[in-house]
Each structure stands twice: as C-alpha cells, then as structure tokens.
Amino acid sequence: MPVRVQEADFDLSTEINAFRAGRPEIGAIAVFVGLVRDVNVGSAVSGLTLEHYPAMTQKALEGIVAQATQRWEIIDALVIHRVGHLQPMDQIVLVAVASAHRGDAFHACEFIMDYLKTQAPFWKQEQTPDGARWVEAKASDDSAAARWIKK
Amino acid sequence: MPVRVQEADFDLSTEINAFRAGRPEIGAIAVFVGLVRDVNVGSAVSGLTLEHYPAMTQKALEGIVAQATQRWEIIDALVIHRVGHLQPMDQIVLVAVASAHRGDAFHACEFIMDYLKTQAPFWKQEQTPDGARWVEAKASDDSAAARWIKK
Amino acid sequence: MSVTILYFARLRETLGMTQEKIELPAHAASVAGLLDHLRARGEEWHAALAPTQSYRVAVNQDMADITTPVCDGDEVAIFPPVTGG
Amino acid sequence: MSVTILYFARLRETLGMTQEKIELPAHAASVAGLLDHLRARGEEWHAALAPTQSYRVAVNQDMADITTPVCDGDEVAIFPPVTGG
C-alpha cells in the first residue's frame, strides 16, 4: 500500500507499471490524476503552493488507504501527492487502486480521493493577479466524503 | 472524443499526456485500465482472443461516450479497446475522462465502462487447460449498467 | 428483399456461418420475422435462436429488439451477449 | 505539562506563529482547554480561534475534536480545513 509525498513530478506509466508488475490477478485499475487548473473561483491562477504537515501526511494517507482496503476487495492501492510549487497543468495527486473487478477499484479510488480531500493535511495557496490567496475548503468536499459514512 | 479499436498495445503516459495537452482547464482525470487476468471462473487462463464486429464497434463506443457527455460536465473522453490475441497482464481497455472537477470524471468513466461491458460488440475467448472457451456474459454487468438508467 | 446477416463469437461457431446474404419475404420484414425465417432452417437453427437462448441482434450496427423493422439492404448481426472491456 | 503546538497555512500567517512549546496547566488538559488557554492571549487569538471559525485540530497527528485529551509531550496542530488533492 505505497503512499508517497514528494516535490518531484511522477510519470503515470512508470508508476502504474511498477504498481502492477508481477500481479496477473489484477483485472482492473482505477486511476485518478488531479491537475493544477489555470482558473479557480473566477480568477486566473498562475501557480500553486502546496503546504503540508509532514509528520501527519503519510499517517493520514495510510489510514485512508487502510479504510478503503477494509471496505472493498482490493489488491493494492497507490497514493502519490506532491507538495511545493506547481504550475498550471502540473500533476498534483495520483491515486490508483487495483482489484480483480472494476466496481471495487472504482469505488475505493473515489473513496480515497474524497477522504484525502477532507482528511489529509494539505493546503493550497494560489497565485492570482490580485496576489496569493489560500484556497477555501469546499462544502461539496465535505458532502462527498459524507456519502461514504455507513448508515 | 477519440475512440480507437486496435490490436496494438498502448502506453498510459503517452495517451494521457496527448489527451490533456494544451488544456489547462482540466482539473481531474479519471482513468480505467482493464487487464487480462491469469485466472477466470476457477480456471487458469493462458491467453485471450478478442473478437469484435468492426462496423459496429466504433459507432457503439462513440454512442456511449456521447451519452456520458450529455449526462456529466466533462471536457473530453478517450476510449481505446484492443482486439486480437492477448496474454495475461496485457492491457485490454483504457477509458479516460477529463473534467474540471473529480465527481463528473469518476462517474462518467464508470458509466462508460459499464455501458461498454454490455453494449459494445466485443467477445472474449479464453485459452484454458481444457481448451478454448467463450467467456459468458455476467448478470452483474447487466445490473451495473442498469444502475445508470434514470428513474 | 435482400438482407446481409453476420454471426459472431459462439453463435458463429455453433451455426458454422460467418456471413450470408439472404432473400427475406416481405411478410418477415422485422427482427422477429427474420428470426422465424432462420429457425425454420432446421433443428440446429431452431435451438440456437430459440427465444429462451441468450443472444442479441443489431440492425445496421445499432442494438435492436424483435420489433425493429428490417428493410432491403439492411445489415443484421446476431451474436451472444457482449463480453468486452 | 509541556505541549508542542504547530500552526499551518492561513492560521500560521494570521497568528504569525509556526511552532511553539508551551506549559499547559493541568486543568486545561484537553483540546477545549488548550484552545481556551490560547484565546486568552488577546484579541487576535480570541478571534482566530473562536468556536465559530472554521479550523481543525490534530493531536499527535490524528484528527481530534474538543473533547480529545492533551497530555504532557503531545504534539497539537491547529490548521484550516484541508484543501489538498
């Protein structure tokens, strides 16, 4: 269940090929890639700085992946999250979930992203024409995460 | 909305990089990769032959992508499906959906896969120790596709 | 009228037929009529295309059902439920 | 007892503080007690850490709530709602 927090970019093929190497039992991989957009909440965005809480980040992501592993039949999961300075079109995050069948892979991947968005200690600061501004948390992220709470 | 049916393998990074090139409005890409497993319904599988109905395949996949485009806010979608002889661990299918936000990308990607599984004219024949056998359609694929029918 | 019929996968093997061009009587100008016409060919066709069997029909490369009309020059395909992806 | 406090993102900027080590009285040995202790520092702290403000607290790198106990040697982090991904 590899979880990595890094400044460096990642290559999708390299990561996914290493992730699935030697595992012919994998039938499905659901992947999510988050990218820096050049616009947000109506303002042009020329760059992004990602701050995090190093001692907690790894632990929080591992906890989220462990929850996904308990809830779905998955073979493995991979999370890479970048920190530091990013430009529009840069990759921010990669989540990949491997499973025998697609339903589990899709749902676990979406779950990990929803929880990452509300539980993992990262904060984005955007550079806009009016200066730097901290990105506000979205209520829609809270409701996306709340969907997964078992009744 | 590129849709390709081909014998050749594909490279994930090459495809996704071309797909998102020059589009800084993309914030989220949901990707699905389907792979040949070395076991199915309790038998070892040494290879797979994918037959299709060439005149219909492209049209069916484009129709499925068009439906996804109408139902979700997506920027673009990419479908690549292989035909011919494949080995365990080979890539079979790639579906990628780009959107501003992750919810639309995830849902459209899962929708395309569910419809592809029940509507696109591909048939798998597996090589097993007991000889070649046609893969049986799964009732779970019909119910996965039926989830998306609007009440 | 003249109709092209294509067979795929297990049905292609069972019926020993990949493609054929047939003359379909005007009274059989629907998927249901075409299937009845084919079932009349004998036991093997009757069994393979029985309504209780699981198969699909496309007319001019679109999924069809038994009420779909079949016209002169149409391409009809008969195949098992699909298993791609 | 001695507690390390970390501040992140907007709260780090607002309070002008990245990290500090404080002596917390035994009667304040919970997240609620620690927050009251910090709010007593003055108007700026009172405003930034008001219960109506949106912020989160972690104790020893786990998400916490106001009832979570705080013990000697703990690391407490105070930060805005997260915005990664």
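To find a chain, count down the sequence lines: A is the first, B the second, and so on, and within it residues start at 1.
Residues D:Gly84 and A:Lys117 approach most closely at O-CD, 3.4 Å, considering heavy atoms. Shortest non-hydrogen contact noted between A:Gln119 and D:Met63 is O-CE, 3.4 Å. Across D:Phe8 and A:His52, no two heavy atoms sit closer than the pair CE2-O, 3.4 Å. Nearest heavy-atom pair, A:Lys59 versus D:Asn60, reported as atom, atom and distance to 0.1 Å: NZ-O, 2.9 Å. The two residues D:Val82 and A:Ala137 come nearest to each other via the heavy atoms O-CB, 4.0 Å.
The candidate with the highest count of non-hydrogen atom pairs below 4.5 Å against chain D, out of A:Val95, A:Leu50, A:Val135, is A:Val135.
Of the possible donor and acceptor atoms, one in the side chain of A:Trp123 sits under 3.5 Å from a partner among the backbone N and O of D:Pro80.
A salt bridge links D:Arg10 with A:Glu136: the distance from a Lys NZ or Arg NE/NH1/NH2 to an Asp or Glu carboxylate oxygen falls below 4.0 Å.
Interatomic distance, CD of D:Gln61 versus CD of A:Gln58, reported as 12.0 Å (0.5 Å rounding). Taking CZ from D:Phe79 and CE from A:Met56, the interatomic distance works out to 4.5 Å, rounded to the nearest 0.5 Å.
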Could you go step by step and tell me if A:Tyr53 and D:Glu75 meet the side-chain contact (heavy atoms from CB on, under 4.5 Å) rule?
CA-CA 12 Å; A:Tyr53 175 10; D:Glu75 177 176 291; 2.5 Å; yes

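Around atom CD1 of D:Ile66, no more than 12 heavy atoms belonging to other residues, nucleotides or ligands sit under 6.0 Å away. Counted within 6.0 Å of CD on A:Glu73, heavy atoms from surrounding residues, nucleotides or ligands total 12 or fewer; the atom is thus considered open.
Both the backbone and the side chain of A:Lys124 come within contact range of chain D, each with at least one heavy atom under 4.5 Å from a heavy atom of that chain. With a 4.5 Å cut-off on non-hydrogen atoms, D:Ala9 touches chain A through its backbone and its side chain both. Using a 4.5 Å cut-off between heavy atoms, A:Ala120 contacts chain D through its backbone alone, with no side-chain atom that close.
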